[in-house]
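Every chain is numbered from 1 and lettered A, B, ... according to where its sequence line falls, protein lines coming before strand lines.
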2 protein chains.
Amino acid sequence: MPTPRALAREQTMREIVRIGREHLGEVGPAALSLRAVARELGVVSSAVYRYVADRDALLTLLIVDAYDELGGAVETAIAGVRTRGEARFRARILAGARATREWAVAEPSRFALLYGTPVPGYRAPRDTVDPGIRVALALVGVLDEAYAAGVLASPQERLARPVRADLERQVRELGLALPTAALARAFALWSGLFGLVSFDVFDQYGAETLTDRGAFFEHQVGLLADLVGLPRAARAS
Amino acid sequence: MPTPRALAREQTMREIVRIGREHLGEVGPAALSLRAVARELGVVSSAVYRYVADRDALLTLLIVDAYDELGGAVETAIAGVRTRGEARFRARILAGARATREWAVAEPSRFALLYGTPVPGYRAPRDTVDPGIRVALALVGVLDEAYAAGVLASPQERLARPVRADLERQVRELGLALPTAALARAFALWSGLFGLVSFDVFDQYGAETLTDRGAFFEHQVGLLADLVGLPRAARAS
DNA sequence: GATAATCAAGAGCAGTGCTCACATTTGTGA
DNA sequence: TCACAAATGTGAGCACTGCTCTTGATTATC
């Protein structure tokens with residue numbers, strides 16, 4: 001039976017995260033201010049240190065929060081795909097990628113918090129790694145299923161010994177059916193996806209280079225899906 | 001004939017950039033302090049505003065500086081490739097990619113300044129876009145040559161209309177021989193490369209996932225080179 | 001040589017993260 | 001029930017930040 005004080009504490013905690021998230025949306029990670037959060041919480045600045053050790057601790061809270069939301073969005077997007085047959089895997093990857101981009105475009109500051117410059121002096125604690133790889137796991141999961149269904153082309157390039165060893169360990173730890181070379185390609189999909197989204201959100205293409213970034217993204221993800229060995233919908237039968 | 005004062009000014013300017021670059025290496029973009037630069041310059045904090053309008057202006061200076069160095073490194077790496085025959089294009093792309101990663105690993109803060117979270121409230125001015133695409137241009141140049149030499153496979157996927165229009169304009173403006181679909185793939189190479197480097201520099205792979213990141217990177221870039229249509233060295237003759 | 005542009009200094013404003021001594025509230029064991 | 005201890009909030013304070021403004025010194029130019 002939780003004491004009322006504990007309840008109040010939990011609620012204050014949630015409130016802090018809420019306000020932090022809100023401010024993050026307005027100013028970006030580097031400018032996030034504990035004092036401003038305290039102000040909006042209606043409390044003097046030093047009081048918030050009773051709940052949050054550090055500015056870094058607040059960032060960690062917000063990082064986990066953001067990872068969770070992004071991970072959830074990608075997972076539900078993948079789960080919501082209704083396509084049937086061999087094309088379903090490619091459709092799932094596309095849906096997950098689209099969800100990633102849409103979340104990032106809608107929440108650029110939070111995306112930046114996760115995949116941009118690490119905040120100065122900030123070292124990610126343990127709690128952030130599990131939610132951090134959720135998106136990657138979702139993508140790899142789809143590819144693993146595709147492989148099990150015999151839809152995924154098996155790459156035949158050879159891997160250097162240390163790379164092979166690392167990937168074999170990953171395959172074991174995650175309990176995958178995927179061959180190691182295919183897992184390597186899954187990594188390419190993952191980092192490629194975030195390269196695309198970063199360039200988009202951080203405006204790395206010139207301002208007037210692309211008129212329809214959504215369509216461009218779609219095409220690029222299609223290329224990544226090719227790379228990873230997923231067949232195109234229109235089969236050359 | 002430049003007056004001595006103008007000379008002094010230029011030298012001070014260079015000194016500011018030098019110190020800024022140095023501090024950047026220690027603290028990261030968000031924590032870069034004009035006051036600290038002034039201190040090390042041996043001058044009171046307000047004096048540096050005679051040379052640099054803003055903290056943002058200093059960042060712009062450093063951004064251009066970093067873009068130039070990275071661009072130069074990539075260009076000389078590409079120019080230094082001695083491989084002959086059809087394999088030379090792939091070797092050049094690999095060399096450029098390697099140079100990118102090596103520069104980024106050696107200068108994580110400056111890489112972050114270029115490709116990480118845009119600094120809060122910072123809007124890139126005109127001066128930064130030209131040096132900003134130097135790496136991209138170098139890569140595209142290699143691919144264009146490869147295409148002209150008949151070594152680059154021509155992709156046959158179709159492009160959505162807005163994407164095709166944008167890419168066609170790019171082809172025209174840059175005076176490329178490359179088909180638009182190949183340019184699309186060149187973009188994939190570009191963003192993929194920076195996705196890889198970002199993940200590496202910003203520690204996005206778990207801390208203990210990869211034991212030999214250099215080898216892993218090499219493999220991944222190889223995949224991107226495949227994607228873009230460059231033939232592997234070992235031909236299946 | 002007088003005038004005007006340039007540069008440096010120093011004080012000051014508003015903001016930041018964070019610490020500490022202190023007061024108040026709240027939970028708990030004797 | 002009451003005293004004691006833990007938890008929570010306050011306000012002052014330190015050292016730092018970006019940036020502005022006034023004042024004084026230096027330097028170029030007419």
B:Asp212 (side chain) donor-acceptor with A:Pro162 (main chain) under 3.5 angstrom: no

Assess whether a salt bridge exists between A:Glu173 and A:Arg169, defined as any Lys/Arg side-chain N lying under 4.0 Å from an Asp/Glu carboxylate O. yes

A:Arg35 has an atom CZ; how far is it from atom C1' of D:dG11, in whole Å? 11 Å

A:Phe217: which residues meet the ring-ring contact (aromatic ring centres under 6.0 Å, His included) condition with it, sequence neighbours left out? none

Applying a 4.0 Å non-hydrogen cut-off, can you work out what B:Leu32 is touching in the nucleic acid: base, sugar-phosphate, or nothing? sugar-phosphate

Salt bridge (Lys or Arg N to Asp or Glu O under 4.0 Å) partners of B:Glu208, counting only residues at least two apart: none

Test of understanding: with side chain to side chain donor-acceptor pair (under 3.5 Å), list the residues that count as partners of B:Tyr51, not counting sequence neighbours. none

Show me the donor-acceptor pairs within less than 3.5 Å that the side chains of residues 17-36 of chain A make with the rest of the protein, sequence neighbours left out.
from	atom 1	to	atom 2	distance (Å)
A:Arg18	NH1	A:Glu15	OE1	3.2
A:Arg18	NH1	A:Glu15	OE2	2.5
A:Arg21	NH1	A:Asp65	OD1	3.2
A:Arg21	NH1	A:Asp65	OD2	3.1
A:His23	NE2	A:Glu40	OE1	3.3
A:Ser33	OG	A:Arg35	N	3.2
A:Ser33	OG	A:Ala36	N	2.9

Suppose we screen for side chain to side chain donor-acceptor pair (under 3.5 Å). Which residues come up paired with B:Asp200, at least two apart in sequence or across chains? B:Arg101, B:Arg213

Strictly below 4.0 Å, heavy-atom distances to any atom of DNA chain D: list the hits from residues 8-24 of chain B, or just say none. none

Would you call the rings of B:Phe199 and A:Trp190 parallel, tilted or perpendicular, where under 30° means parallel and over 60° means perpendicular? perpendicular

Which ones in residues 42-53 of chain A lie close to DNA chain C, meaning a heavy atom under 4.0 Å from one of its atoms? A:Ser45, A:Ser46, A:Tyr49

Does B:Arg134 have any side chain to side chain donor-acceptor pair (under 3.5 Å) partners at least two apart in sequence or in another chain, and if so, which? B:Asp68, B:Glu75

Return a single string for nucleotides 25-30 of chain D, one symbol per nucleotide in 5' to 3' order, where B is base contact, S is sugar-phosphate-only contact and - is none, cutoff 4.0 angstrom on heavy atoms. -BBS--

Do the non-hydrogen side-chain atoms of A:Leu167 and A:Phe187 ever get within less than 4.5 Å of each other? yes

Rounded to whole angstroms, how far apart are CG on B:Asp56 and P on D:dG18? 11 Å

Run the side chain to side chain donor-acceptor pair (under 3.5 Å) test against A:Arg39 and tell me which residues pass, sequence neighbours left out. none

Looking at A:Thr117, is its backbone amide N or carbonyl O close enough to the side chain of B:Thr117 to form a donor-acceptor pair, meaning the two atoms are under 3.5 Å apart? yes

Anything under 4.0 Å to a heavy atom of chain A counts; send over the first and last such nucleotide of DNA chain C, read 5' to 3'. C:dT16 to C:dG27

Taking only residues two or more places apart in sequence, or in another chain, which ones meet A:Ala8 in a side chain to side chain contact (heavy atoms under 4.5 Å, CB included)? none

